[in-house]
Amino acid sequence: MDKNFGEIQALLKKYNQEHLLNGYEQLEESKKQELLNQIEKIDFELVNFLYQSTKKEHTFGQDEITPINYLDKYKLNDDYKYYESIGKKAIKEGKLAAVTMAGGQGTRLGHDGPKGTYDIGLDSHKSLFELLSDDLKEQGKKYGVTIPWFIMTSRENNKQTVEFFERHKFFGYQKDKNIFFFNQGELPMMDTEGKVLIGEDGLVKLAANGHGGIYEALVKNHMVEKMKQLGIEWVFIGGVDNCLVKMVDPVLMGIAIDKGVTVACKSVVKANPQEKVGVFCRRNGKPNVIEYTEITDEMAHATDKHGELLYGESHILCNLFNVKAIERMGATPLPYHMAYKKAKYIDKEGNLVVPDSPNAYKFEAFLFDAFGEVDDMAILRVKREEEFAPVKNADSAGVDCPKTARDLYKKFYHLD
Ligand code: UTP
């Protein structure tokens, strides 16, 4: 028996989680150790806190929500060239890196494998990862640089992701030289009584801690250090599932540099006031995103003197950060949001439970909750048809699915 066993038992007793060792004796030796290591790393104070938070009613009433300014990329007139030249200079000087967040579970799409490996059905049968790499390489060439690429994975999909890249010779990138892989943090899932779940493999059921885990993961895995060694000052952070994402945008970068802000985000205008997207706003004076579940009908329809929606700039997970901002954000814990999900688990009696409706809590941090760290940021409205083709759902959903993304991609690149 491992020397930690007694201490682990005591720890679990203290936090009322003794069931985690119920299946211990049946595990193979290597897994026994893994389970103990997992338990040792869990912050049970945080687990308790998160469980308590599931019972609280979330009210946003006290927050003061106000509109935030934005620039429209296609109404910049002479300033367009001005910002562009500033951004171009910085890119040519090798100051830009790209980060792709690929740690999500992609449950809605239902693809068997990491989402980035998904073939959206183009004639080329290129995966999302390859489509992203194509653009990144193409842009790099334009500026005479190789733009370093950092890929965030989760424990669940890291091996498959790296193997996929290996099979494709890293799409011309060189591992640990200009392409880097790192894992994001995880949190245990728990049942409605606050008991941490054991998964089918007999180990603690851990889930990626949301795209808000990016800052901490970049810092803890020494990726920020690596960026600094490479002379990087600006980092574009985007999702893996937008096949039209433009990770290299000199105008966005020029605006950030010229305005002296450390965060600059892209937005697309809401398709209609009811569209279920988060929109940029100020929350208690600080930049933030208001979720569609939070926004009142009145706010969703409110317009300015030009007839534009006051809260019409959708957050599309296309954000540029100064390295210093990432470091600061990585040092500040973000709040966790709770999601109620279906999760298979092994119950206290050792039986596998396969639910047909949600039964477990999962906790995720959201990237935009860190925006409040800065007093000001720039928002640049871009064209949806040029920059936003998300792959979220299976084709049966009819929206934000492989078919819609493929159509947008083909249209943009004139592939028909
Ligand atoms: P989504 O919020 O759309 O989640 O992620 P998802 O995992 O892709 O899909 P569902 O909700 O399970 O169906 C937006 C982006 O953030 C990344 C995803 O990989 C995607 O690029 N992400 C999300 C992470 O990297 N880690 C996470 O924990 C969550």
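Model, not experiment: these values are computed from the prediction. Both ligands and their constituent atoms are indexed starting at 1 by order of listing.
- The protein heavy atom nearest to atom 14 (C) of ligand 1 is Lys392 NZ, 3.5 Å.
- With a 6.0 Å radius and a threshold of 12 heavy atoms from other residues, nucleotides or ligands, Asn69 has its CG atom at or below the threshold.
- At least one heavy atom of Ala102 sits closer than 4.0 Å to an atom of ligand 1.
- Looking at Ile214 against ligand 1, nothing comes within 4.0 Å, counting heavy atoms.
- Ligand-side atoms of ligand 1 in range of Gly210: 26 (N), 27 (C), 28 (O), 29 (C), range being under 4.0 angstrom from any heavy atom.
- We find that Glu93 and Lys89 are joined by a salt bridge, their nearest charged nitrogen and carboxylate oxygen being less than 4.0 Å apart.
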TODO: Please test Asp347 against His19 for side-chain hydrogen bond (donor to acceptor under 3.5 Å, both in side chains), starting from the C-alpha separation and ending with a verdict.
DONE: CA-CA 9 Å; Asp347 69 12; His19 65 285; over 6 Å; no
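- Checked by atom type, the side-chain pair Thr100/Trp149 shows a donor-acceptor distance below 3.5 Å.
- A side-chain donor-acceptor contact under 3.5 Å links Asn158 and Thr153.
- Environment of NZ in Lys403: sparse, with no more than 12 heavy atoms of neighbouring residues, nucleotides or ligands closer than 6.0 Å.
- Contact atoms of ligand 1 toward Met152: 25 (O) (distance under 4.0 Å to a heavy atom of the residue).
- Geometrically, ligand 1 and Leu317 share no nitrogen or oxygen pair separated by less than 3.5 Å.
- Salt-bridge check for Glu308 with Arg381: passed, with a basic side-chain N closer than 4.0 Å to an acidic carboxylate O.
- Closest heavy-atom approach to atom 26 (N) of ligand 1 within the set His211, Met101, Glu186, Gln184: this belongs to Gln184.
- Every atom of ligand 1 with a heavy atom of Gly239 under 4.0 Å away is listed here by number and element: 21 (O).
- At least one N or O atom of Gly103, backbone or side chain, sits closer than 3.5 Å to an N or O atom of ligand 1.
- Those atoms of ligand 1 with a heavy atom of Ala208 less than 4.0 angstrom away are 28 (O).
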